[in-house]
Amino acid sequence: MSNEIPSTEKHRQYPFHEIEPKWQRYWEQHQTYRTPNPGDPDFDPSKPKFYVLDMFPYPSGEGLHVGHPEGYTATDIVARYMRKKGYQVLHPMGWDAFGLPAEQYAIKTGQHPRITTERNIQRFRQQLKRLGFCYDWRREIATTDPDYFKWTQWIFLQIYHSYFDEKTQKARPIAELEAQGLSREEIDARRLAYVAEVQVNWCPALGTVLANEEVVDGKSEVGGFPVERRPLRQWMLRITAYAERLANELDGLDWPEGIKRHQREWIGRSEGAEVKFRVKGSGRELLIFTTRPDTLYGATYMVLAPEHPLVEEITTSECRAAVENYRQQVASKSDLERTGLAKEKTGVDTGGRAINPVNGEEIPIWIADYVLMSYGTGAIMAVPAHDERDYEFAKQFGLPIRVVVRPADGSAPPEDAAFCDEGIAVDSPIFEGLPTAEAKKKITEWLEQQGLGRRKVNYKLRDWLFARQRYWGEPFPIVWEQGQHRAVPESELPVLPPELEDFRPTGTPEPPLSKATDWVRYNGARRETNTMPQWAGSCWYYLRFIDPWNRDRFVGQEAERYWMGANGKPGGVDLYVGGTEHAVLHLLYARFWHKVLYDLGYVSTPEPFQKLVNQGLILGEDGQKMSKSRGNVINPDQVIADYGADSLRLFEMFMGPLEQVKPWSMKGVEGVYRFLGRVWRLFRENDRIQDVEATPAQLKLLHETLRKVAADIESMSFNTAISQMMIFVNEFTSADVVPVSALAMFLHCLSPFAPHLAEELYEGLQSRYPRLPPGPVSELPFPDYDPRYLVEEEVEIVLQVNGKVRDRVRVGVNASEEELKSIALGTERIREQVDGKQIRKVIIVPKRLVNIVVG
RNA sequence: GCCCGGGUGGCGAAAUCGGCAGACGCAAAGGACUUAAAAUCCUUUUCCCGGAAACGGGAGUGCGGGUUCAAGUCCCGCCCCGGGCACCA
């Protein structure tokens with residue numbers, strides 16, 4: 001076996017190196033954590049269910065780091081505790097295994113990504129098993145398994161075969177539109193999965209396009225390579241159709257407020273109006289979006305995005321050269337340059353003029369890259385007096401600034417800045433003197449009556465660019481014929497990727513799959529050669545865990561109803577734990593897919609995850625982020641070899657609150673390791689254990705520990721649960737007589753945290769005291785505490801004078817306020833303080849304190 | 001710039017509703033055991049002042065104000081650290 005002597009050369013506190021493999025073998029052989037589904041012979045329908053899920057990992061070549069076991073230990077403790085509380089617990093694990101690193105490794109070495117992926121999964125699985133997690137490993141899935149991605153492709157087809165019905169705000173089958181006799185074009189224009197020519201984020205270094213979410217500061221999130229904008233025909237998912245629901249339906253979820261806010265911001269709902277401006281000297285109209293229609297009288301110019309389709313037509317001949325020049329400049333800019341920090345506004349006049357619909361005034365039309373083609377209508381009315389960006393631009397180019405809103409409190413508007421708050425409309429005849437909210441309403445109604453505009457809601461959220469030019473991803477179940485796409489029959493799923501020798505990108509947006517010429521040919525049609533993004537597989541894995549063996553359905557109906565059953569709440573998974581890095585992308589995408597499946601009647605809840613908890617990052621011992629280059633990475637394998645898995649688990653939980661960022665400490669690991677050693681000695685090297693009644697003081701501590709550990713697990717305050725167990729052990733270690741019953745009860749507390757040691761100690765105890773129920777202890781019910789043992793007969797009361805503690809007394813719990821008062825005033829120390837002064841007031845908090853106010 | 005999260009001993013932290021600040025652990029110091037060390041066990045440890053000691057007094061939860069009999073906790077104004085967003089009209 002591996003290294004027998006701890007590398008620190010220290011005395012081994014207890015034989016964890018024997019205990020841990022022993023119990024891991026036991027659990028495996030006895031299938032202790034096998035979770036039956038409805039219909040299985042050992043399924044107990046009377047038990048309530050609890051679905052506790054980890055965000056499954058990408059099995060990287062690096063193996064596990066100490067960040068992984070943080071969340072996994074937390075969920076494992078909850079899972080083990082809930083099992084002991086009589087729940088049927090679903091606690092699965094799998095692999096988000098498609099992804100770029102395996103593909104890049106394949107490009108470098110020629111080794112097929114499937115091989116490296118397999119190897120990495122093996123390693124991860126082995127590492128996780130050594131931590132003693134109570135996963136039902138029979139349910140293990142990998143997104144790269146054809147049995148799995150068959151259903152990823154199938155779900156894609158459901159999305160493809162659906163449209164969003166605005167009236168009911170629900171996805172409906174495309175067949176309904178066909179029945180209404182809509183044309184192919186009309187139908188394709190409404191599909192939830194559609195093909196469009198869009199400006200994409202093309203990353204030459206990665207040889208793929210990226211989603212907006214995968215581009216950070218104009219660079220790829222993965223690798224930090226430059227990203228260019230270029231137009232490309234791409235598969236898109238119409239997530240924007242769900243914008244409203246994705247925002248609103250967050251309300252019923254038990255998620256951290258910050259994450260909900262983040263998602264709402266990402267969706268970016270804003271209410272306003274669309275307004276038509278006539279272009280002077282042409283029949284054309286420019287449509288703009290504004291959230292401040294009440295500032296319409298303050299519009300002194302307009303700005304179009306440089307890519308706006310009407311720029312060509314509007315530009316006058318004198319301005320054409322400058323406009324062309326500017327458009328080219330903008331096109332060649334990367335997103336980083338275009339949105340870069342603190343840069344000056346740029347833009348040029350097109351020479352075109354627009355007519356302000358409220359006052360018939362002529363205003364110039366400019367183009368500038370601070371207006372984005374992808375938001376709203378790609379055109380704005382500029383109101384420099386009341387918008388910071390317009391103000392800056394107007395200053396830069398000497399454009400007029402006209403105030404049409406003044407502060408409601410009568411104060412003077414700022415001299416050298418835009419006034420962007422709400423206020424009172426001025427110089428605005430149609431709604432003169434109205435406060436902003438009413439002015440907005442009035443002008444919008446007016447515009448609607450005149451046919452010049454309407455109320456409009458816009459979202460920052462864009463449709464989801466769903467195609468990647470990669471090899472190692474799910475192929476689309478789509479073929480092309482005569483420029484039209486169609487689904488392959490469901491019977492042909494899964495569509496397997498072709499075997500390739502050469503995984504290199506083509507250097508063009510033509511995906512690597514196009515190199516597989518035989519594969520591409522499909523009965524006179526051509527297969528789609530793009531693949532799905534890595535997010536696809538993680539959009540629904542929590543559903544497959546429920547019924548991973550099902551060959552007929554992505555998840556069996558009965559099993560889905562049972563495990564996702566939400567008791568009136570929207571979300572099905574009872575507890576979902578993972579890092580904040582998935583605050584928007586994964587969680588938004590998964591919610592979107594789930595809602596489509598819900599609308600189509602395939603799943604029973606509108607939301608996937610009811611309660612979400614984010615674990616905090618673990619830093620290196622130096623307080624810096626762990627990284628190879630800093631050399632501060634902690635290897636969990638080494639920690640397990642030196643101190644055992646139970647110590648690793650315990651320390652991960654003892655470090656501090658789960659959600660908090662916190663630094664690693666090897667000394668801290670030793671601390672909890674010593675604690676486990678003390679536990680071992682309390683049970684094993686102790687001749688004071690007797691089969692006797694516990695003393696009242698012992699009973700009180702025992703039941704307080706049962707109470708606190710249970711409550712702390714339920715509130716996920718694992719660090720304080722561990723403190724309480726330490727207090728218990730310290731106390732019982734110094735006891736003259738240690739009652740067996742108390743020790744046995746204690747092991748129920750320890751078992752979720754340090755399951756191996758708890759099993760071993762319980763087994764030993766039970767064999768000596770056969771009266772104890774046979775184990776394993778992890779399968780025995782968690783004892784309820786008895787409040788009778790917690791009642792105190794006496795409490796210590798703090799005596800304060802003017803808020804300062806001057807004395808303390810022990811009194812009976814039921815002492816009346818009058819008694820407390822006279823006791824307090826009777827003690828010597830208080831008399832010294834109070835003598836000769838006037839008592840103004842006496843505050844009495846029963847069971848806590850008496851505060852005497854003198855003056 | 002905006003939005004979050006955080007600031008408590010030498011360190012990680014704890015402290016239901018405003019009611020004994022520092023539980024528990026680490027580190028450090030002293031002691032017991034040992035030929036010695038490791039391990040273990042016991043004791044001390046927020047700071048300042050007085051005291052041989054028991055103990056007593058004062059200050060103290062980033063800073064400055066406020067509310068209150070009482071503030072780590074509530075309110076107002078700042079400072080610092082970490083993270084996220086960043087022309088979305």
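Chain letters run A, B, ... following the sequence lines, proteins first and then strands; every chain starts at 1.
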Q. In whole angstroms, how far is the C1' atom of B:C55 from the CG atom of A:Asp807?
A. 13 Å
Q) So, does A:Tyr785 use its side chain to make a donor-acceptor pair with the main chain of A:Lys708 at under 3.5 Å? A) no
Q | Phosphate-side-chain proximity, A:Arg678 and B:G25, N/O vs OP1/OP2 below 4.0 Å | A | yes
Q.
With a 4.0 Å limit, can you tell me whether A:Asn719 has a side-chain N or O closer than that to the phosphate oxygens OP1/OP2 of B:C24?
A. no
Q | Any donor-acceptor N/O pair under 3.5 Å between B:C4 base and A:Arg261 side chain | A | no
Q: Would you sort out whether A:Phe393 and A:Tyr301 count as a ring-ring contact (aromatic ring centres under 6.0 Å, His included), showing the intermediate values?
A: CA-CA 10 Å; A:Phe393 191 81; A:Tyr301 62 103; 5.6 Å; yes
Q) Do A:Tyr326 side-chain atoms and A:Thr346 backbone N/O form a donor-acceptor pair below 3.5 Å? A) yes
(Q) Both distances below 3.5 Å, Watson-Crick or wobble geometry, any strand: find the nucleotide opposite B:A70. (A) none
Q) In terms of side-chain heavy atoms of A:Lys345, which of B:A89, B:C87, B:C24 is nearest? A) B:C87
Q: Go ahead and name the base partner of B:C2; Watson-Crick or wobble counts if both distances stay under 3.5 Å, otherwise write none.
A: B:G84
Q: Please determine if a side-chain N or O atom of A:Arg848 lies less than 4.0 Å away from the OP1 or OP2 oxygen of B:G18.
A: no
(Q) Give me the distance, rounded to whole Å, that separates B:A15 from B:G7 when you measure between the P atoms they each carry. (A) 12 Å
Q | P-based separation of B:C24 from B:C41 [nearest Å] | A | 15 Å
Q: May I ask you to say what A:Arg269 touches in the nucleic acid, namely base, sugar-phosphate or nothing, with a heavy-atom cut-off under 4.0 Å?
A: nothing
Q | Flag, side chain of A:Asp463 to backbone of A:Met236, donor-acceptor distance under 3.5 Å | A | no
Q | Over-ring placement of A:Lys345 relative to A:Tyr370, 6.0 Å and 45° cut-offs | A | yes
Q. Which part of the nucleic acid does A:Gly668 contact within heavy-atom distance under 4.0 Å: base, sugar-phosphate only, or nothing?
A. nothing
Q) Of the candidate nucleotides B:C24, B:A39, B:G84, which contains the atom at the shortest distance from the side chain of A:Ser723? A) B:C24
**Q.** Watson-Crick or G-U counterpart of B:A13, or none if no pair lies under 3.5 Å
**A.** none
Q) Would you call A:Glu832 and A:Arg806 a salt bridge, using N to O less than 4.0 angstrom? A) no
Q: Write down the distance separating the C1' atoms in B:C74 and B:G51, rounded off to the nearest Å.
A: 41 Å
Q. So which nucleotide does B:A59 pair with, by the Watson-Crick or G-U wobble rule with both distances under 3.5 Å?
A. B:U46
Q) For the side chain of A:Ile727, counting heavy atoms from C-beta on, which of B:C24, B:A89, B:C41 is nearest? A) B:C24
Q: Whole angstrom is fine here: how far is it from CD in A:Glu685 over to C1' in B:C41?
A: 13 Å
Q. Within the modelled atom types, does a donor on one side and an acceptor on the other bring the side chain of A:Lys667 and the base of B:C11 under 3.5 Å apart?
A. no
Q: Answer yes or no: is there an ion pair linking A:Glu652 with A:Arg649, defined by an N-O contact shorter than 4.0 Å?
A: no
Q) Within this structure, what is the CG-to-P distance between A:Asn730 and B:C41, rounded to whole angstrom? A) 9 Å
Q.
What's the gap between B:G19 and B:A70 when it is taken at their C1' atoms, as a whole Å value?
A. 7 Å
Q.
With no hydrogens and no angle check, just 3.5 Å: does a side-chain donor-acceptor pair link A:Asp712 and A:Thr720?
A. yes
Q. Taking the same atom, P, in B:G60 and in B:A71, what whole-Å distance lies between them?
A. 11 Å
Short heteroatom pairs, N/O only, protein and nucleotides 69-72 of chain B, under 3.5 Å:
unit_1 : atom_1 : unit_2   : atom_2 : d
B:C69  : OP1    : A:Lys841 : NZ     : 3.3
B:C69  : O2'    : A:Asn851 : ND2    : 3.3
B:C69  : O2     : A:Asn851 : ND2    : 2.6

Q | Short side-chain N/O contact to B:A59 OP1/OP2 from A:Lys804, under 4.0 Å | A | yes
Q: May I ask you to decide whether A:Lys260 forms a salt bridge with A:Glu257, counting only side-chain N to carboxylate O separations under 4.0 Å?
A: yes
Q.
Output the rounded distance in Å from CZ (A:Arg808) to P (B:G56).
A. 10 Å
Q. What does B:C41 pair with, Watson-Crick or G-U, if both distances are under 3.5 Å?
A. B:G31
Q: Could you state the atom-to-atom distance from CZ of A:Phe651 to C1' of B:G25 in whole Å?
A: 9 Å
Q. Are OP1 or OP2 of B:G58 and a side-chain N or O of A:Arg806 less than 4.0 angstrom apart?
A. yes
Q: Take atom C1' in B:C80 and the same atom in B:U61, then report the distance between them in whole Å.
A: 16 Å
(Q) Taking the nucleotide of RNA chain B with the nearest heavy atom to each, does A:Glu265 or A:Ile380 sit closer to the 5' end? (A) A:Glu265
Q) If only side-chain N and O atoms of A:Thr720 are considered, is one of them under 4.0 Å from the OP1 or OP2 phosphate oxygen of B:A23? A) no
Q) Between B:A13, B:G12, B:C20, which one does the side chain of A:Val805 approach most closely? A) B:C20
Q. Below 4.0 angstrom, N of the basic side chain to O of the carboxylate: do A:Arg455 and A:Glu271 qualify?
A. yes
Q) If you check every side-chain atom of A:Leu372, which of B:A39, B:A89, B:G84 has the closest atom? A) B:A89
Q: Provide the distance between the two C1' atoms, one in B:A59 and one in B:G9, to the nearest whole Å.
A: 14 Å
Q. Expressed in whole Å, how much space separates the P atoms belonging to B:G72 and B:G18?
A. 13 Å
Q. How close or far is atom C1' of B:A23 from atom CD1 of A:Ile722, stated in whole angstroms?
A. 14 Å
Q: Report which part of the nucleic acid A:Thr733 touches: base, sugar-phosphate, or nothing (heavy-atom distance under 4.0 Å, all strands).
A: nothing
Q) Is the shortest side-chain N/O distance from A:Gln660 to OP1 or OP2 of B:A13 below 4.0 Å? A) yes
Q.
For a quick test of reading the model: is some side-chain N or O of A:Arg674 closer than 4.0 Å to OP1 or OP2 of B:A39?
A. no
Q: Measure from NE2 on A:His262 to P on B:C3 and round the result to the nearest Å.
A: 15 Å
**Q.** Note, A:Arg269 side chain near A:Arg264 side chain (heavy atom, < 4.5 Å)
**A.** no
Q: Could you state the atom-to-atom distance from OH of A:Tyr673 to P of B:C24 in whole Å?
A: 23 Å
